[in-house]
Amino acid sequence: MHKLGQTRSSHRHNHLLLTPDTFVRTTLPGMKACSAVVHVSPAMGAQFAQYTAEIEAGGQLGGTTTQRFIFVLEGAIKLEADGKRGQLTARGFAYLPEGLAHTITATHASRLAVIEKMYQPLDSAAPPRLLVSSEDAISSHPLDDDPALQVKCLLPDEMSFDFAVNTMVYQPGAALSMVEMHIMEHGLIMLEGGGIYRLGDSWYSVTAGDFVWMAPWCPQWFGAIGKVPAKYLIYKNWNRNDWSRSDWKGRK
Ligand code: UGY
Ligand code: MN
């Protein structure tokens, strides 16, 4: 049933809100019984790509030329890399360094949040290694001393990582304490609950299933509304200051 051209999705120069009614599926090289909803990529001006992979039981994700982070939204997958194999279920995640051959096979129908980014090496630190863990194994800390806003940093606090992926849980009524404006860009998937997101000079209602991209310095603020906590998974570039890199240039 169409909605006479109405949607909450919005595309502005410094942010993007994509709601599931506007998702269009595509296939990416190497996928088997799998499709991707590509939420953002360098085609949008982002310095990373993020998509949701929907994999049938027995299906596979293809390879990648960049480093890759996966987070299991739903289902179960088998990851084989470096001669090792592991099973990941909901909230399980893995970091796969650039150049590491691996296979990801769904053992049950699954949905994965996938983030891919070209690695920015550092002279002072070796690139990170394969990491497999679960959000359940990570402890949370309050943001800005607010116990109603808890953050889990999924990747270790090490300079070798050039991006971070965190989960943030807001109790009903909790909010960011400030309108943030910063160099980092964000890719965000709403996992649970909802609220109001300020993006640039617009305020949007957002709910589980939505995707948001924020360009560097996009004004951003979120407040959770409703009777259940709001939770999201959020990417940001991190730990780098090589301003001369060509991929930082030309942004509007
Ligand atoms: O890590 C962050 O920058 C985070 N506080 N931003 C956000 O939630 N929009
Ligand atoms: Mn932020």
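Numbering of ligands and ligand atoms starts at 1, following listing order. As a basis for the values below, the full set of heavy atoms in this structure was taken, side chains included, without hydrogen atoms, waters or symmetry mates.
- Within the 4.0 Å heavy-atom criterion, neither part of F222 lies near ligand 1.
- Partner of F69 under the ring pair (Phe, Tyr, Trp, His ring centres under 6.0 Å) criterion, chosen from Y119, F93, Y235, Y95: F93.
- With hydrogens and angles disregarded, no donor-acceptor distance shorter than 3.5 Å links the side chain of S140 to the backbone of K152.
- Within E180, the N/O/S atom positioned nearest the Mn ion (ligand 2) carries the name OE1.
- If you number the atoms of ligand 1 from 1 as listed, the ones under 4.0 Å from a heavy atom of I234 come out as 6 (N), 7 (C), 8 (O), 9 (N).
- A donor-acceptor pair is defined here as one N or O able to donate and one able to accept, closer than 3.5 Å; such a pair exists between the side chain of W221 and the backbone of L176.
- Nearest-heavy-atom check against atom 3 (O) of ligand 1 across M184, E180, Q220 picks out E180.
- For atom 8 (O) of ligand 1, the closest non-hydrogen atom of the protein is Y232 OH, 2.6 Å.
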- Item | CA sep, side-chain torsions, deciding dist, call: T107, I77, side-chain contact (heavy atoms from CB on, under 4.5 Å) | CA-CA 5 Å; T107 49; I77 57 148; 5.7 Å; no

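- Here is the list of ligand 1 atoms found below 4.0 Å of a heavy atom in H182: 3 (O).
- The NE2 atom of H182, the Mn ion (ligand 2) and the OE1 atom of Q220 define an angle of 90° (nearest 10 degrees).
- Of all the heavy atoms of Y197, the ones lying under 4.0 Å from any atom of ligand 1 belong exclusively to the side chain.
- Summary of contacts: the protein heavy atom closest to atom 1 (O) of ligand 1 is K236 NZ, 2.7 Å.
- A salt bridge does not link E185 to K236: none of the charged side-chain nitrogens sits closer than 4.0 Å to a carboxylate oxygen.
- Taking the six-membered ring for Trp, Y197 and F222 have ring centres closer than 6.0 Å.
- Aromatic ring centres of Y232 and Y170 lie closer together than 6.0 Å.
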